[in-house]
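Data block below; observations after.
Here is how names work: the chains are called A, B, and so on, in the same order as the sequence lines, proteins then strands, and each is numbered from 1. Nothing here was measured: the structure is a model prediction, and the numbers come from that model.
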Amino acid sequence: MTSRLEPWYKKASSLKGPLLVVENVKRVSYGEICKIKCKDRELLGQVLEASSDKAVVQLFESSRSLDLNSQVQFTTKPAEIALSKKMLGKAFDGMGRPKDGSSYAAKVFRDVNGSAINPAARRKPSDFIQTGISTIDCMNTLVRGQKLPIFSASGLPHNELAAQIVRQASAGGEDFVVVFAAMGITYEEAKFFMDDFKKTGALENAVVFLNLASDPSVERIITPRVALTTAEYFAFDLGMHVLVVLTDFTNYCEALREISAARSEVPGRRGYPGYMYTDLASNYERAGMVAGSKGSVTQIPILSMPAGDITHPVPDLTGYITEGQIVLDGSLHKRGFAPPINPLPSLSRLMNAGIGKGNTREDHSSVSDSLYAAYARALELRQLVSVVGESSLSDTDKLFMRFGESFEEKFISQGFSENRSIKDTLDLGWKLLSTLPKSELKKAKKAFIEKYMKK
Amino acid sequence: MAKKSTSKKTIRKNTSNKKQSSGKITRVAGPVVEAKLAAAINDLVRVGNSKLLGEVIQIEGDIATIQVYEDTTGISPGEPIINTKQALSVTLGPGLLGGVFDGTQRPLNVIAENHDIFIPRGIDIPSLDEKKRWKFNATVSKGDKVTEGQILGTVKENPVITHKILVPIGVSGKVTKIESGEFNITETIATITGDKTTQVKMAQTWPVRVPRPYKERIGVQKPLVSGQRVIDFTSPIAKGGVAAIPGPFGSGKTVTQQQFAKWCDADIIIYVGCGERGNEMTEVLEEFPHLKDPKSGKALMNRTILIANTSNMPVAARESCVYTGITIAEYFRDQGYSVALMADSTSRWAEAMREISGRLEEMPGEEGYPAYLAKRLAEFYERAGVVKSFSGKEGSISVIGAVSPPGGDFSEPVTQNTLRISKCFWALDAKLADKRHFPAINWLRSYSLYTPITDIWYDANIGKEWSDLRKKTQNMLQQESELQEIVQLVGIDSLPIEQQLLLFIARMIREDFLQQNAFHDEDTFCPLAKQLEMIRAIFRFYNVALEHVAKLDLEKLRQSSAADFIAQMKYESNENFTEANLKKMQAKIKSEIAKTFK
């Protein structure tokens, strides 16, 4: 875009929530960033609507002490971030400004909104990532370039799980970078992550963006975009494997709703804007592998389901975009199993590409399918027993009940520090399955039962 | 119903020299732009200095409202806008097959080869390769009289499909020049002189929002075979029919759609990825060239066209991609092919409509969707069907639309409006998916209104017990669900042995017949003869067990070699069910069952 000198405009004609309307403007472009100067500070905004003589600007910070005399300057540029390898080990605010006020030299500047990756230029993700967590590695396998969210709820240890994944997935990998973006989480939560990154040395290879609960909520709209632009730079320009942890997307959606309400838009479900699917997709879809680069962007977004409701618009729309989900379960947590991942509603859509001979082990899908079917049967029987009592069960059914219990105790529950290899996980799976009659293991290949199941 | 071609008035062709006009942008708000511009509804425009593609959707005074098919960041009021005075059209001709296009038919693989990994904005390149030379084989001669839609000649596009070049709609007269030989798609292959003289090229254009005309519509006659047991056997779709697959996320909509794309017995497959995942499109793109079509033994990509508009690509192009897909489908239908179109997912299309409607500040209907949602859905699905085309050949379009209801709630507007139109309903069930019962199609909630037609076809072509066994199966599954309720209350032991046996057999049907592994080399596609043999074996087992019901030990029966044999049947090589080997297989089943009950 050709640069044009912009005068300072004085004419903020209305202020309403996070929106500011400027009149008598000339040639403002859609999406451009502007600076607003008021008595004691300068803040940033973005053009949401540009007409011949009027511009609607969304503020990224609180409108406290703004008045109609505030001056607005249009920068002619969309939101950009300076990208450099020097970002590693640094912390930034939610807009991508260094927390400590320092600056770094950068040659690359990118629009944080990114562009859509051409589907024909993508590579199919199929490299297994070992997280060391049995329920993920065996039953909901994560692969490089996947976006696999954690569906959690208040009071569940999703942060511990995310930290464990970061810690264990990065072990032994060269060219591995973590990008961490916090959206509206509390200071305590952010501190937990920072301490964990410091302790394990992950911080040296991490870029951290922090928008805390006390920070302006509308700034959150930019935070994941800044983080993902950084991730794409490290992955596709520098050829590194980037793991992006984004938490908490529910807060992000609240901010989206706030702006939509301020613009008096027609609301969709539960007051969230009708374009929330598109908006979320413009973040989540920025994961994957592309032709001509060996790097990858793997996303682990975290979101909390209000009241544990998986049909709430935020988890619902997320599930339609992401390639599966890891669902945390309140009752498993209360019974003391950690990490409390419920494998039944969890899913990894890219699993089949990443497992089996050449990736993990040939018997992987046999183990995984058998565990699923057996655990589902055990839970069904558990329900039945609560009505009619255990005496009405057949002997086989009783074996399934026992299996369900030991599956939860031994397979699901491994603690937040144990790092299991995929071999150990699969062997453990066979060990648990060996308590069931062989004729019930319809999902396993017979050859594998003979080969891997120890008597 | 005869449909007269009234296309002359409504269609503007690429070749017409209507003057372009230009105007100025007055307002930009996301994908919606307003401009001072002389325009007609559906005119295609180029927006701003970066020449983004857009379409006029509303006019008020001298202000035209435009939906833009690309990201509008950086566009400002005052920038110019050009009206091309053409409708949004697709280019139809040799080179379509095996192609990957976005919602406005830009060739994504060509863009990927020549540009960055991202799609550059405002790019304007031909949809089809204009340099490639094709061998054209004329089938009419100089002096012949031809009418619109008639076949002029053929091009063998690939080892599987012979592309037929049709007289453009609206053109008829005497062929004054035609020759066989090698041409590219923009060279003249024939001259037709009627009221006026037309130079016919292999590539033609057609506006996506106008259905292509045909001679007459006829009723459906046979099933579209997918090789998926739960579909073909319990709720089949007819060739030329419409099916809806609604389901919450993770229930297997996409896998079901892809299984259809891989194995169904249509000649041409059009797969529209509408607002879905980028990585899934890549999976299709990488997998299909390596998969073999069970009919021809050649690569599946030969008969496939992909329209990919992933969820992060501009929302307006998501709105247009289903039309682009169905127009290409109609073009092949007119050549006499059976076409199957998968739209994954129509909910994203409806949401795109909602988003544009919201930006236009229209009065919303149910759940914020525009009031014209039902009409648009109906119009789209009505473009499916079996027709006799102007070429005299019979062609069909079957549409399989995935629906993604929020929260898995089927009472929402898109699901409900789709159900009013589609005759075939495959209800995906999250509970089944959780148990890894795939395909997670709920056998009790799903239905097909095509069964009276398909039953006749199956009985005549596959085996005369087909319809009888289908009804018995459904009956048994229904009884099972009623008995399950009793079992929940009193336990299975209090049921009489006959009912316990029924539950046993119903479970066999569910696990050994309805469940199908899309990732197993043999089980991924199940030929009809094998389907019939499998269900027949289960009922044979049931009937023999009934004879021995007095001294039946179900626990032992479960471990029996016959039960095991039936469970493993799905993994048997499909070769064993061909006509030559079928007798041997049947004898084996018989002896296994006899052995168990000896």
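- Contacts between B:Arg121 and chain A at a heavy-atom distance below 4.5 Å are absent for every atom of the residue.
- Only the side chain of B:Thr310 comes within contact range of chain A, with heavy atoms under 4.5 Å apart.
- For the pair B:Arg277 and A:Tyr284, the cation-pi criterion (under 6.0 Å, within 45° of the ring axis) is not fulfilled.
- Heavy atoms of A:Ser346 lying under 4.5 Å from chain B belong exclusively to its backbone.
- Interface remark: B:Asp409 contributes no atoms to any contact with chain A (heavy atom separation under 4.5 Å).
- Ion pairing between a basic and an acidic side chain is recognised when a charged N comes within 4.0 Å of a carboxylate O; B:Arg354 and A:Glu265 show no such pairing.
- Ion pair A:Lys442/B:Glu511 flagged as a salt bridge, since at least one NZ, NE, NH1 or NH2 atom sits closer than 4.0 Å to an Asp/Glu carboxylate oxygen.
- Contact between A:Asn118 and B:Leu108 at its shortest, heavy atoms only, is ND2-O, 3.0 Å.
- For B:Met313, the parts sitting under 4.5 Å from any heavy atom of chain A are the backbone and the side chain alike.
- Both tests hold for B:Arg348 against A:Tyr320: distance to the six-membered ring centre under 6.0 Å, angle to the ring axis within 45°.
- By the 4.0 Å N-to-carboxylate-O rule, B:Lys435 lies close enough to A:Glu380 to be salt-bridged with it.
- At a 4.5 Å heavy-atom cutoff, the contact between B:Glu351 and chain A is made by side-chain atoms alone.
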Item to check | Trace of the side-chain hydrogen bond (donor to acceptor under 3.5 Å, both in side chains) decision for B:Asn279 with A:Gln146 | outcome: CA-CA 8 Å; B:Asn279 279 335; A:Gln146 186 173 15; over 6 Å; no
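- Only the side chain of B:Glu555 comes within contact range of chain A, judged by heavy atoms closer than 4.5 Å.
- Every residue two or more places apart in sequence or in another chain was checked for a salt bridge (charged side-chain N to carboxylate O under 4.0 Å, His left out) with A:Lys445, and none qualifies.
- Within residues 27-35 of chain B, the residues having any heavy atom closer than 4.5 Å to a heavy atom of chain A are B:Arg27, B:Val28, B:Ala29, B:Gly30, listed by residue number.
- For B:Pro406, the parts sitting under 4.5 Å from any heavy atom of chain A are the backbone and the side chain alike.
- The contact between B:Leu285 and chain A is made entirely by side chain atoms (from C-beta outward), counting heavy-atom distances below 4.5 Å.
- Annotation: the span from B:Glu283 atom CD to A:Lys124 atom NZ amounts to 5.0 Å, rounded to 0.5 Å.
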